[in-house]
There are 2 protein chains.
Amino acid sequence: MARILVVEDEPSIQELISVTLTRTGHDPLRAPDAETALRLLQAELPDLVLLDWMLPGQSGIDLARRLRGDERTRGVPIIMLTARGDEQSKVTGLETGADDYVTKPFSPRELAARIKAVLRRQKPQATEDPVEIDGLRLDPATHRVTARGAAVVLGPTEFRLLHFFMTHAERVHSRAQLLDSVWGDHVFVEERTVDVHIRRLRGALEASGHDALIQTVRGSGYRLSCQKE
Amino acid sequence: MARILVVEDEPSIQELISVTLTRTGHDPLRAPDAETALRLLQAELPDLVLLDWMLPGQSGIDLARRLRGDERTRGVPIIMLTARGDEQSKVTGLETGADDYVTKPFSPRELAARIKAVLRRQKPQATEDPVEIDGLRLDPATHRVTARGAAVVLGPTEFRLLHFFMTHAERVHSRAQLLDSVWGDHVFVEERTVDVHIRRLRGALEASGHDALIQTVRGSGYRLSCQKE
DNA sequence: TTCCGTTGTCACTAAACCGTCACCCTACTG
DNA sequence: CAGTAGGGTGACGGTTTAGTGACAACGGAA
């Protein structure tokens with residue numbers, strides 16, 4: 001789900017963290033010290049950095065400051081791992097811009113929760129504006145679809161599919177494009193699966209009096225069109 | 001941008017907060033204790049109060065209760081500053097009416113984010129006004145819920161949950177959002193726990209003749225809706 | 001202290017949903 | 001007009017997600 005750089009010198013804790021991350025669907029990058037961390041950061045930017053306070057050589061706080069100073073890495077959120085106690089250094093240290101901190105010892109659950117919270121805070125939420133085409137109305141906020149007032153019941157996938165069509169109307173989308181945009185680019189499903197969902201979506205729409213809203217373009221894909229032909 | 005009253009006795013933290021506020025375009029009013037705070041509040045109402053949990057003399061929670069008790073200051077949102085680990089105080093505090101919590105030590109970035117969130121959240125709703133939907137009435141001031149006159153008995157959590165739903169009706173809320181808004185951002189609770197409380201809330205409502213008020217949106221979360229389907 | 005209310009979590013059940021296939025139909029090709 | 005490829009369609013496990021009852025931990029009240 002998210003790439004997370006774990007900067008931690010103690011192997012057992014490193015291991016514990018990595019296992020926790022994997023189990024919660026994340027992708028840990030390991031670094032035992034600041035130098036390794038910086039090298040890894042050259043290659044690719046992670047979605048989050050878990051940073052031990054005490055590190056051999058360059059300390060965690062130095063690394064944090066450095067990350068904040070660099071334009072490229074400035075946006076990457078940081079969670080600090082600190083030992084219990086030592087309050088005042090925390091305050092000054094967190095001033096450098098860590099987004100959260102976890103005191104050792106910590107429970108895997110707590111760690112997971114904090115990571116989730118920080119990541120959630122980080123990412124902007126999707127477009128929530130209602131869309132309306134030809135009397136058909138879809139509202140992401142309320143997760144409702146109505147056809148001239150009458151409710152249309154859709155499954156989650158059909159909902160996303162319709163949302164995509166309505167925000168990209170009049171254009172032909174190949175099955176591959178639809179899989180990318182509606183299912184997500186990483187999943188592997190048969191292209192024909194799209195057909196089935198199109199079918200289900202059509203069924204739901206026709207039940208509400210919207211015929212031929214979604215048209216087939218033979219050899220290319222599908223299209224949502226308001227103008228009848 | 002916004003006037004913010006900072007009630008904090010520790011000078012270094014007071015300083016840190018004030019600097020942060022100024023930097024994020026706000027206007028800090030400083031008070032080292034509850035008495036000073038009250039005096040400042042006489043003069044003018046701030047847009048938000050940042051309140052330390054532990055204060056010399058009158059404690060933060062006392063002050064919060066007092067602010068909530070006074071008609072004039074009731075609408076002003078409060079963010080509490082608490083020491084880490086004091087989970088219980090969060091719950092008590094939420095009942096007194098704090099809008100959010102920040103645990104010390106905190107990062108300026110986090111504080112800024114919370115303030116922004118609370119100010120944004122505050123705008124559309126007056127938290128303390130009674131809400132009524134479809135014959136169901138909830139009064140935050142008296143902490144009472146009635147369904148067409150008949151009393152509905154709810155636990156504290158179910159009450160907050162229902163309150164949130166009623167002040168954000170028709171919208172779909174994910175379990176994570178509900179945990180954020182009803183439980184508080186930094187409480188570590190399984191997402192499925194929401195389900196259980198939804199169930200309890202539904203049970204109580206159905207006992208009072210309100211069926212299907214809270215709807216499940218599969219894959220997304222829950223929604224309070226007056227319009228049946 | 002004991003009792004009671006509340007809460008978070010779990011295990012289990014029920015239901016919805018998804019992806020896939022097989023088969024059929026249609027439209028284009030020569 | 002037959003052949004072929006692409007699309008429509010119904011059905012069927014398997015998986016995911018939500019509903020539900022039970023239970024232990026906890027704090028506050030008695």
Per the end-axis method with five pairs at each terminus, what is the bend angle of the helix from C:dT1-D:dA30 to C:dG30-D:dC1, to 10°?
->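 So the angle between the two local helix axes works out to 20°.
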Give the rounded distance in Å between these two atoms: [atom1] of [X] and [atom2] of [N].
{"X": "B:W183", "N": "C:dT6", "atom1": "CH2", "atom2": "P", "value": "15 Å"}
{"X": "A:L179", "N": "C:dT20", "atom1": "CG", "atom2": "P", "value": "9 Å"}
{"X": "B:I214", "N": "D:dA18", "atom1": "CD1", "atom2": "P", "value": "15 Å"}
{"X": "B:R175", "N": "D:dT16", "atom1": "CZ", "atom2": "C1'", "value": "12 Å"}
{"X": "B:F188", "N": "C:dT9", "atom1": "CZ", "atom2": "P", "value": "11 Å"}
{"X": "B:H143", "N": "C:dT6", "atom1": "NE2", "atom2": "P", "value": "11 Å"}

For the pair B:T216 and B:R202, evaluate side chain to side chain donor-acceptor pair (under 3.5 Å) and give the outcome as yes or no after the intermediate values.
-> CA-CA 11 Å; B:T216 306; B:R202 278 175 172 160; 2.7 Å; yes
Can a salt bridge be assigned to the pair A:R137 and A:E132 using a cut-off of 4.0 Å between side-chain N and carboxylate O?
->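 Salt bridge flag = yes for A:E132 with A:R137.
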Carboxylate-amine/guanidinium proximity below 4.0 Å for B:R223 and B:E170 =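 A salt bridge is absent here (no side-chain N lies under 4.0 Å from a carboxylate O).
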Can you see whether [X] engages [Y] through a side-chain donor-acceptor pair at a distance of less than 3.5 angstrom?
{"X": "B:S181", "Y": "B:Q177", "answer": "no"}
{"X": "A:R30", "Y": "A:S18", "answer": "yes"}
{"X": "A:R171", "Y": "A:S225", "answer": "no"}

Can you name the one residue among B:R200, B:H197, B:H163, B:R199 that meets side chain to side chain donor-acceptor pair (under 3.5 Å) with B:E158?
->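 Checked B:R200, B:H197, B:H163, B:R199 against B:E158; only one passes side chain to side chain donor-acceptor pair (under 3.5 Å): B:H197.
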Ranking B:E158 and A:T157 by the position along DNA chain C of their nearest nucleotide, the one closer to 5' is B:E158
Do B:T20 side-chain atoms and B:L16 backbone N/O form a donor-acceptor pair below 3.5 Å?
-> yes
Kindly say whether B:A141 contributes a backbone atom to a donor-acceptor pair with the side chain of B:D139 at under 3.5 angstrom?
-> yes
Map B:Y222 and A:T216 onto DNA chain D by nearest heavy atom, then report which one ends up closer to the 5' terminus.
-> A:T216
Compute the centroid of each ring, for B:H143 and then for B:F159, and state whether the two points are separated by less than 6.0 Å.
->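 Close enough - the centres of the two rings lie under 6.0 Å apart.
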Could you identify which residues of residues 190-206 of chain A place a heavy atom less than 4.0 Å from some atom of DNA chain C, listed by residue number, or say none?
->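 Only A:E190, A:T193, A:V196, A:H197, A:R200 qualify.
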Heavy-atom nearest pair, A:A2 first then A:D47, reads CA-OD2, 3.3 Å
Heteroatom pairs (N/O) under 3.5 angstrom, protein to nucleotides 27-30 of chain C:
none

